[in-house]
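One structure, as structure tokens, below. Some questions next.
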Amino acid sequence: MTDTVLDLAGIGIGPFNMSVAAHLDSLPEVKAAFFDRRPTFNWHPGLMLPGAELQNSYLKDLVTAANPTSPWSFMAYLVRHKRFYKFLNCEFDAVYRKETAAYFKWVASSLPSLNFGHEAEQVSFDKDRFTVRFANGSNVQARSLSVGVGTTPSVPDCAAPWLSDTCFHASEIVFRKNALRGKKVAIIGGGQSGCEVFLDLINGAVGDQDRVLWFSRRPNFEPLDASAFTNEYFTPEYSDRFHPLPAALKTLKLAQQKLASDGASPSTLLAIYRRLYELTYLDGCQADLRLMPNREVVAIERQGNSYALTVRNHFDEQLATYHVEAIVLATGYATRTPACLDGLKGRMQFEGPDRYALNADYSVIWDGPASNRIYAVNASRHSHGIADPQMSIAAWRGATIVNSLLGRMHFDLELPPSLVRWGTEDGDTPAALIAEAAE
Ligand SMILES: Cc1cc2nc3c(=O)[nH]c(=O)nc-3n(C[C@H](O)[C@H](O)[C@H](O)COP(=O)(O)OP(=O)(O)OC[C@H]3O[C@@H](n4cnc5c(N)ncnc54)[C@H](O)[C@@H]3O)c2cc1C
């Protein structure tokens, strides 16, 4: 690497840091470079099952919400790839995830500020700059950082000892599907990933001897709520109102809003129901396909070549044991502070384990100079709201970070009044009401 001190070094190149990079591409005066440990960009390839769909609008891309004339929009991708009219003719209700992945890959292979094959191992700070050291022996210096390392697959404690070719996280299903052939399988988890894995297993040829047991802690196989007012949670206006709330209130609201972000797509649920109907009533299939909501897997034991799952049914509070030969853990993802920040952790503020204390501009509160910022993307669900881990406000957040870095409103992010009055506003306070009444 050169001796240049960058204005911004990005660690991790997923869609969220790529949004920052795409916005910065229109600002050549800002010296920025982004680094990813992978040799090349690939968007969640392990869960790219046939027919998988994006859960939100393709207009919620890397740039459009803040900079609709950027050359890095999804529309620009369609036009550049000569498929704009064909895409419209398809009248997609939802875009295939593989098309979104192709769009991201196009941006990733076009932006000159992106560098792959660089795993950040250690970050240090001295005087007025960070030094990022990479596993390949190189390093860079930068005034500010943007940490965008994504999330890590969550594995329940009871499954951790058994991780193997026959017990693995859903994020690897595409690579390990062959190991499930002819086996009796349990899927643990009833969110979107669990639905996609179950649908994939029953969409192929299903024999009478097959067994798929699908456990979900949720009381039913519940849909994502994407109705208009729920979608208000996925707007910058809501995030702006959410951020200043006390932590306890935020935790409560996140729990109330769980289905808005973690439910399954209604189209996937319908596809599962229809396929079960076809297999059961039209094909006379005798396979053991069991959908079991309200179930908490409390213990897993290995017994020879199979696993014994102890499961509590919260519908009737009974315990039962089930035997399978393979387990797919559709048990979600967790935010982790990357090990490369270990040396700085003592200087950063946290609201809990792996929960940075974040300013409104997504910079971590730390004891270093105010002009040296550590931004964090996909790490602010607890502080900015449920929209954080998905694409809805990614372009807006990316532009917020760029404005903060520049110290001016380069992108016009001034917010109009929200359609819903979430917070108590000045005019609503008792003093104002009393004054109004006295007039
Ligand atoms: C299967 C799946 C489907 C999804 N579908 C949708 C959807 O339909 N709609 C939606 O809005 N959201 C969706 N999401 C959620 C979210 O949009 C994606 O997870 C998105 O990829 C998050 O982007 P990211 O930039 O935070 O992280 P990631 O995409 O995970 O990228 C992080 C990058 O950081 C790199 N990295 C990690 N550590 C280091 C290091 N030390 N040094 C260098 N590089 C490092 C990794 O190699 C990785 O490339 C989905 C998520 C999953 C898992």
Side-chain angles (χ1 to χ4, degrees), residues 9-22 33-49 52-62 65 94-101 103-105 107-108 114-123 132-136 138 140 145-154 169-174 191-197 224 226 231 234 260-262 264-265 267-268 330-342 362 375-381 386-395 397-398:
I11 300 176
I13 307 175
F16 296 168
N17 251 350
M18 207 151 61
S19 168
V20 181
F34 294 76
F35 303 90
D36 198 287
R37 63 185 174 197
R38 297 188 194 209
T40 170
F41 184 87
N42 208 348
W43 194 48
H44 299 309
L47 250 165
M48 200 56 82
L49 291 165
E53 292 175 342
L54 196 66
Q55 283 192 300
N56 38 25
S57 165
Y58 54 80
L59 291 175
K60 293 176 170 178
D61 62 11
L62 298 171
V95 178
Y96 290 131
R97 279 217 301 271
K98 60 183 165 189
E99 175 108 68
T100 312
Y103 155 62
F104 289 152
K105 201 171 177 67
V107 180
L114 308 187
N115 303 275
F116 291 87
H118 285 71
E119 174 163 15
E121 274 195 335
Q122 196 191 27
V123 183
V132 184
R133 293 190 170 74
F134 299 103
N136 61 14
S138 63
V140 289
L145 300 175
S146 182
V147 180
V149 293
T151 49
T152 310
S154 293
H169 193 267
S171 57
E172 301 171 46
I173 183 74
V174 167
Q192 181 64 19
S193 296
C195 289
E196 289 180 10
V197 172
L224 184 84
N231 273 342
F234 299 88
S261 65
D262 291 359
S265 296
S267 59
T268 315
T331 41
Y333 297 81
T335 307
R336 304 245 189 279
T337 310
C340 61
L341 291 183
D342 280 355
Y362 300 93
Y375 300 101
V377 295
N378 204 353
S380 64
R381 189 176 181 274
I386 52 165
D388 179 70
Q390 47 107 302
M391 284 303 296
S392 284
I393 59 166
R397 177 180 50 208

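Ligands are counted one by one from 1 in listed order, and the atoms in each one are counted from 1 as well.
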Counterpart residues, ring-ring contact (aromatic ring centres under 6.0 Å, His included), relative to Y103 (two or more places apart): F74, Y77
Parallel, tilted or perpendicular: ring planes of F41 versus F104, cut at 30 and 60 degrees: perpendicular
Whether over 12 other heavy atoms sit under 6.0 Å from F116 CZ: yes
H169 and Y333 aromatic ring geometry - parallel, tilted or perpendicular at 30°/60° bounds: perpendicular
E53 and K98: CA distance, side-chain angles, deciding distance, salt bridge (charged side-chain N to carboxylate O under 4.0 Å, His left out) verdict: CA-CA 8 Å; E53 292 175 342; K98 60 183 165 189; over 6 Å; no
salt_bridge(R133, E119) N-O dist < 4.0 Å: no
Under 4.0 Å from ligand 1 - residues by heavy atom, chain and number: I11, G12, I13, G14, P15, F16, F35, D36, R37, R38, W43, H44, L47, L54, Q55, N56, R97, H118, E119, A120, G148, V149, G150, Y333, N378, P389, Q390, M391
